Amino acid sequence: MTTVMDLQRFKAERRRFAMLTAYDYPTARMAEEAGIPVLLVGDSLGNVVLGYPTTVFVTLEDVLHHARAVARGASSALLVGDLPFMSYQPSLERAITSAGRLVQEGGMHAVKLEGAGPSLEVVRRLTQIGIPVMAHLGLTPQSVHALGGFRVQARTEEAAERLLQDACELEAAGAFSLVLEAVPAEVAERVTAALRIPTIGIGAGPHCDGQVLVAHDLLGLTRGRTPRFVKRYADLGDQAVEAMRAFAREVAEGTFPGPEHSYRGDAGGRGDGGG
Ligand code: KIV
């Protein structure tokens, strides 16, 4: 089983690793088969599977619901649950309760939260009580309204310096890894070189210790535009539409179900239980 210590070791050994989002049981099982070492039940589930325009609508109950499904499908990956907007910002007590629920009820091994500044105390306390924390800097979607939209961050020298400073403070507070989202590759390279903990990039160039993608983007299941940094490794969305179209056509034509899909008194069904 992958642990937070393994990620530190990967960095020390200069071994790059992949993290993938997962929001459900089948994706967790497939990611395990593929040997993905870290699964993130990201609050991106708000955009990706719940249809919200931003992640600020996602609740702790939403993440818990998906976390439990992922935990049932995964047995060896390190499972990281995102703390959604307003589940850790109001108070330290709220943050501890929310993180504790992700571990105790959601089956997560670690939590992720966004930003530095006020989040530092949260990172410190969660780490002290034994809940590992993955930090997240750069484009932090929970602050989309303050950032003025989904745009590349740390583009000036001053902003890059601030990000580096924040990263060092998060490491000192106890974060075991750091997601860098939508920052110039040179900035991610500087941060990666300065930290002992691994950086995990998304839209942050090739120099991070790990890379993360949203599963639906990688699989081509996202309908509509995806960010420039996404690489589509498959076109399952188009294949799904084709399959659904074929099903509808065959039903209309009366060619499905054919004799091979109809019972003739013999049992046999899905899984173990028939049906
Ligand atoms: O919520 C999420 O999926 C994330 C990743 C994109 C890093 O935060």
Side-chain angles (χ1 to χ4, degrees), residues 7 16-24 27-28 31 36-60 62-67 69-70 74 77-89 98-99 102 106 108 110-116 119 123 132-144 147 150-154 163 167 170 175-183 188 191-192 197-205 208-219 221-222 225-233:
L7 298 202
R16 296 184 176 206
F17 59 92
M19 176 165 90
L20 189 64
T21 67
Y23 315 115
D24 58 27
T27 308
I36 302 283
V38 192
L39 294 180
L40 170 67
V41 184
D43 62 356
S44 54
L45 69 88
N47 311 89
V48 178
V49 294
L50 299 180
Y52 292 132
T54 74
T55 58
V56 302
F57 298 96
V58 176
T59 65
L60 185 63
D62 291 332
V63 178
L64 275 169
H65 178 77
H66 290 269
V70 168
L78 176 71
L79 303 181
V80 183
D82 233 345
L83 283 166
F85 185 54
M86 283 300 136
S87 72
Y88 60 98
Q89 290 92 342
S98 301
L102 283 181
M108 299 290 100
V111 299
K112 178 168 85 57
L113 53 72
E114 296 183 3
S119 294
V123 174
V133 181
M134 178 178 282
H136 184 158
L137 290 176
L139 172 53
T140 45
Q142 291 176 16
S143 308
V144 60
L147 297 176
F150 296 100
R151 51 185 68 187
V152 178
Q153 300 296 305
L163 186 131
L170 284 161
F176 75 91
S177 59
L178 170 67
V179 168
L180 289 173
E181 179 166 354
V183 300
V191 175
T192 301
I197 59 171
T199 58
I200 305 172
I202 178 161
C208 294
D209 301 296
Q211 295 288 332
V212 53
L213 280 178
V214 167
H216 288 58
D217 291 344
L218 171 156
L219 296 172
L221 285 167
T222 305
R225 267 187 48 215
T226 50
R228 187 170 134 200
F229 56 75
V230 165
K231 178 168 176 184
R232 232 187 222 224
Y233 286 83

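The first residue of the sequence shown is numbered 1, and numbering continues consecutively from there. Bear in mind the structure is a predicted one, so any value in this text is a computation, not a measurement. Counting starts at 1 for both ligands and their atoms, following the listed order. Basis for what follows: all heavy atoms, side chains included, without hydrogens, waters or symmetry-related copies.
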| If you round to the nearest 0.5 Å, how far is CG of L39 from CG of L20? |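 So the CG of L20 and the CG of L39 are separated by 6.5 Å.
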| field | Residue portion contacting ligand 1 (non-hydrogen atoms closer than 4.0 Å) for D82 | value |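 Side chain only; the backbone of D82 stays clear of ligand 1.
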| field | Side chain, backbone, both or neither: L40 near ligand 1, heavy atoms under 4.0 Å | value |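 For L40, the contact with ligand 1 is made by the side chain alone.
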Should you measure from each heavy atom of [X], which atoms of ligand 1 turn up under 4.0 Å away?
X: T21; answer: 3 (O)
X: H136; answer: 8 (O)
X: G42; answer: 1 (O), 2 (C), 3 (O)

| query | F85 versus T55: any side-chain heavy-atom pair under 4.5 Å? | reply |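 No - every pair of side-chain heavy atoms lies 4.5 Å or more apart.
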| task | Taking the side chain as every heavy atom from C-beta outward, state whether P84 and D62 have any pair of such atoms under 4.5 Å apart. | result |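 The answer is no; the side chains never approach within 4.5 Å.
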| task | Note the single closest protein heavy atom to atom 6 (C) of ligand 1, along with its residue, its atom name and the distance in Å. | result |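 Ranking protein heavy atoms by distance from atom 6 (C) of ligand 1, first comes I202 CD1, 3.7 Å.
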| Can you tell me the protein heavy atom closest to atom 8 (O) of ligand 1 and the distance? | K112 NZ, 3.0 Å
| message | Using the side-chain contact (heavy atoms from CB on, under 4.5 Å) definition, which of the options L170, T199, I200, D209 pairs with S177? | response | I200
| request: Before signing off on this row, confirm whether S44 and ligand 1 have an N or O atom pair separated by under 3.5 Å. | output: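 For ligand 1, there is an N or O atom that lies under 3.5 Å from one belonging to S44.
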| field | Geometric N/O contact D43 with ligand 1, under 3.5 angstrom | value |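 Such a contact does occur with ligand 1.
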| said: Over 60° means perpendicular and under 30° means parallel, so tell me whether Y23 and H66 are parallel, tilted or perpendicular. | reply: perpendicular
| said: If we ignore hydrogens and angles and just use 3.5 Å, is the side chain of Q142 paired with the main-chain N or O of L83 as donor and acceptor? | reply: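 Checking the backbone N and O of L83 against the side chain of Q142, a donor-acceptor pair under 3.5 Å is found.
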| said: Is it true that N47 and S44 share a donor-acceptor pair across their side chains at a distance under 3.5 Å? | reply: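 Note: S44 and N47 side chains miss the donor-acceptor criterion.
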